[in-house]
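Remarks on the structure that follows.
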Amino acid sequence: MVDALGVAVVGFGWMGRVHTQAYARVRHHYPELTLRPELVVVAEEVPGRAEEAAERFGFTATTRNWREVAADPRVGAVSITAPNFLHREIGVAMAGAGKHIWIEKPVGLTVEDARAVADAVAAAGVQGAVGFNYRNAPAVEAARDLIASGELGAITHVRVRLLSDYAAHPDGALTWRYERERGGSGVLGDLASHGADLARFLLGEITALTADTAVFVPERARPTGATAGHARAFGGALGPVENEDYVSCLLRFASGARGVLEACRVSVGEQNNYGFEVHGTKGAVFWDFRRMNELGVSRGTSYQDQPVSTVYVGPGDGEFGAFQPGAANAMGYDDLKVVEAYRFLRSVAEGVPHGTTLADAVHSARVLDAMTRSAHSGGWADVHPGGWCP
């Protein structure tokens, strides 16, 4: 038996569209899913944007006020894809109204914001999923299994990189993303949050770090109208960029492993250069998001001059089989969000979490908080102040 679940999307920029398309596709890839998502309402404050989304994707209602979504009895689950500064208020309100929530990272601006949403989800007894989509790549899950198997030996160190050029153009508009009050910690929330989640997903808890941050494009022009994505602005008054373009840090893990995490939003010549290299005492594994369905794997007994082989993931790895019948057939970014939608809806159907949770968002936020404290102090920072643990 398949039950209908009314869903809403709050915030219809690029990520709102990605969530909506994932809902539309999810049962094609997972016909066994016992919930059928139905697009009920889209909330977007930019005039005309919600109406355009409804016409294109089939939402039955639109609103410019997200609070109407919380009060709508037809809605059982909500995707929260609004800007970061709204995550806490919307997330707490939706959970309090009994809605299951699929919320984009970083879940607010601070660790307190992420914790507030996590607490609201727990108190309401609803399910909560978070948009750490890169861990859903079948190759990443295969790498995690390889690490856990012990074939690489004891893990000694990892390098995680997230380098992009989306903010490299000096004419990029001074949107909310570059303001401390609304965008939070800049590239830390945008990209390093993914890096922290990947590092923890692969190697376990990060216990301490030391970080350095920088702003390389100190001023941008204010937009004269509504913007979407990473729009350009010409002729507007210049204003200061208040948050970070770049962060690098050294990591210590509870296992004793060491790591390096680097993220930058102004890397000219880099387009979504995201990935990791994990080294152990007997081997290594390498992943590049731009070759999402491949792993570089070195294993054996040679130690020195040991070769690296290219391994193509296939139907036995992660959720690959829901999309392609054989190894080396490509999956893409949007497929990772379909996986996320599936795990979220399965969590709702079964009443137990599958995939990422708000606890994962809190852990990532702790790492970002430690990065900020370390960059200000110039020293090492503990990742677990206060002892809160979901």
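Counting begins at 1 with the first residue of the sequence.
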| query | Do Val187 and Leu163 share a hydrophobic cluster (ILVMFWY, side-chain heavy atoms under 4.5 Å, transitive)? | reply | no
| query | Could you go step by step and tell me if Asp334 and Arg25 meet the side-chain contact (heavy atoms from CB on, under 4.5 Å) rule? | reply | CA-CA 10 Å; Asp334 283 13; Arg25 293 177 54 197; 3.9 Å; yes
| note | When every non-hydrogen atom of Val217 is compared with those of Ala167, the smallest separation belongs to CG2-O, 4.5 Å
| query | Given side chains that start at C-beta, do those of Phe57 and Val9 come closer than 4.5 Å, heavy atoms only? | reply | no
| Transitively linked via ILVMFWY side-chain contacts under 4.5 Å: Leu39 with Leu5? | yes
| task | Determine whether Val10 and Val78 make a side-chain contact, defined as any pair of heavy atoms from C-beta on separated by less than 4.5 Å. | result | yes
| request: Compare all side-chain heavy atoms of Arg88 with those of Arg115 and state whether any distance is below 4.5 angstrom. | output: no
| field | Sole residue of Asn293, Val297, Val140 in side chain to side chain contact (heavy atoms under 4.5 Å, CB included) with Trp287 | value | Val140
| field | Exam field: side chain Arg144 to backbone Phe201, donor-acceptor pair closer than 3.5 Å | value | yes
| Taking atom CD of Glu270 and atom OH of Tyr166, what is their separation to the nearest 0.5 Å? | 13.5 Å
| message | Has Gln306 got a side-chain atom pairing as donor or acceptor with Ser302's backbone, closer than 3.5 angstrom? | response | yes
| said: So, taking the atom named CG in Asn243 and the one named CG in Asp190, what distance separates them when rounded to the nearest 0.5 Å? | reply: 8.0 Å
| query | Can you tell me if CZ on Arg291 sees more than 12 non-hydrogen neighbours from other groups inside 6.0 Å? | reply | no
| query | Considering residues at least two apart in sequence or located in another chain, which fulfil the ring pair (Phe, Tyr, Trp, His ring centres under 6.0 Å) criterion with Tyr30? | reply | Tyr342
| message | How long is the straight-line distance from CG of Leu261 back to CG of Leu198, given to the nearest 0.5 Å? | response | 9.0 Å
| Within the distance-only criterion (no hydrogens, no angle test), does the side chain of Thr62 pair as donor or acceptor with the backbone N or O of Val42 below 3.5 angstrom? | no
| request: Output all residues satisfying ring pair (Phe, Tyr, Trp, His ring centres under 6.0 Å) with Phe253, sequence neighbours left out; order by chain, then residue number. | output: none
| task | For the residue pair Phe85 and Asp113, establish whether any side-chain heavy-atom pair is separated by less than 4.5 Å. | result | no
| remark: Sorted by chain and number, sequence neighbours left out, side chain to side chain donor-acceptor pair (under 3.5 Å) with Glu89 holds for Arg67
| How about Glu52: does its CD atom have over 12 heavy atoms from other parts shown lying under 6.0 Å from it? | no
| message | Looking at Val75, is its backbone amide N or carbonyl O close enough to the side chain of Lys99 to form a donor-acceptor pair, meaning the two atoms are under 3.5 Å apart? | response | yes
| query | Out of curiosity, does Val260 fall in the hydrophobic cluster containing Leu162 (side-chain heavy atoms, cut-off under 4.5 Å, transitive links)? | reply | no
| task | Answer yes if Val383 and Trp380 sit in the same cluster of Ile, Leu, Val, Met, Phe, Trp and Tyr residues linked by side chain heavy atoms under 4.5 Å apart, and no otherwise. | result | no
| request: Would you check if the side chain of Ser164 reaches a backbone N or O of Arg265 as a donor-acceptor pair within less than 3.5 Å? | output: no
| Parallel, tilted or perpendicular for Tyr274 and Tyr134, by the 30°/60° rule? | perpendicular
| query | What pair of heavy atoms forms the shortest contact from Ala142 to Val313, and how long is it? | reply | CB-CG1, 4.4 Å
| request: Would you sort out whether Arg290 and Asn273 count as a side-chain hydrogen bond (donor to acceptor under 3.5 Å, both in side chains), showing the intermediate values? | output: CA-CA 7 Å; Arg290 297 165 301 179; Asn273 182 358; 3.1 Å; yes
| request: Evaluate the criterion salt bridge (Lys or Arg N to Asp or Glu O under 4.0 Å) for residue pair Glu104 and Lys337; output intermediate values, then yes/no. | output: CA-CA 11 Å; Glu104 273 305 312; Lys337 303 306 279 192; 2.8 Å; yes
| request: Over all heavy atoms of both residues, which pair between Ala370 and Asp382 is shortest? Give the atoms and the distance, please. | output: CB-O, 3.8 Å
| request: Using the side-chain contact (heavy atoms from CB on, under 4.5 Å) rule, take Val117 and Val92 through it: C-alpha gap first, then chi angles, then the decisive distance, then the call. | output: CA-CA 5 Å; Val117 180; Val92 169; 4.3 Å; yes
| request: Could you list the residues that satisfy ring pair (Phe, Tyr, Trp, His ring centres under 6.0 Å) with Tyr312, not counting sequence neighbours? | output: none
| Is the number of heavy atoms from other residues, nucleotides or ligands under 6.0 Å of Glu32 CD greater than 12? | yes
| field | Distance, nearest 0.5 Å, that separates CD1 of Ile103 from OG1 of Thr356 | value | 11.0 Å
| request: Find out whether Gln127 and Val121 are in side-chain contact, i.e. whether some heavy atom of one side chain is under 4.5 Å from a heavy atom of the other. | output: no
| query | Do Glu179 side-chain atoms and Glu181 backbone N/O form a donor-acceptor pair below 3.5 Å? | reply | no
| request: Indicate yes or no: at least one non-hydrogen side-chain atom of Thr34 is less than 4.5 angstrom from one of Val2. | output: no
| Non-hydrogen atoms of Val107 and Ala361 that approach each other most closely | CG2-CB, 3.6 Å
| field | Heavy-atom donor-acceptor pair, Ser377 side chain to Arg373 backbone, under 3.5 Å | value | yes
| Are the side chain of Ser364 and the backbone N or O of Asp197 linked by a donor-acceptor pair below 3.5 Å? | no
| task | Apply side-chain contact (heavy atoms from CB on, under 4.5 Å) to Asp165 and Gln271, showing your working. | result | CA-CA 6 Å; Asp165 65 355; Gln271 295 85 41; 3.1 Å; yes
| Residues forming a side chain to side chain donor-acceptor pair (under 3.5 Å) with Tyr23, sequence neighbours excluded | Ser79
| query | Given the rule in the salt bridge (Lys or Arg N to Asp or Glu O under 4.0 Å) test, do Asp360 and Arg200 qualify, once you have shown the distances and angles that lead to the verdict? | reply | CA-CA 9 Å; Asp360 295 312; Arg200 176 172 170 263; 2.9 Å; yes
| field | Side-chain donor or acceptor of Glu319 paired with backbone N/O of Pro138 under 3.5 Å | value | no
| query | Any chain of hydrophobic side-chain contacts (each under 4.5 Å) joining Val69 to Val40? | reply | yes
| message | So that I can tick it off, tell me whether Glu242 and Arg220 are bridged by a salt bridge, with the cut-off set at under 4.0 angstrom between side-chain N and carboxylate O. | response | no
| What closest approach, in Å, do Ile147 and Val278 show between heavy atoms, and which atom pair accounts for it? | CD1-CG1, 3.9 Å
Under 3.5 Å, which donor-acceptor pairs link side chains of residues 321-333 to any protein atom two or more places apart or in another chain?
unit_1, atom_1, unit_2, atom_2, d
Gln324, NE2, Ala330, O, 3.1
Asn329, ND2, Gly326, O, 2.8

| task | Please test His279 against Arg159 for side-chain contact (heavy atoms from CB on, under 4.5 Å), starting from the C-alpha separation and ending with a verdict. | result | CA-CA 9 Å; His279 295 266; Arg159 176 175 178 256; over 6 Å; no
| Without hydrogens or angle criteria, can the side chains of Asn133 and Glu340 be said to hold a donor-acceptor pair below 3.5 Å? | no
| task | For the pair Ser309 (side chain) and Ser298 (backbone), establish whether a donor and an acceptor sit closer than 3.5 Å, ignoring hydrogens and angles. | result | no
| task | Measure the NZ-NE2 distance between Lys105 and His194 for me, rounded to the nearest 0.5 Å. | result | 4.0 Å
| said: Any non-hydrogen side-chain atom of Glu151 less than 4.5 Å from a side-chain atom of Asp145? | reply: no
| query | Do Val367 and Met371 have side chains that get closer than 4.5 Å, going by heavy atoms? | reply | yes
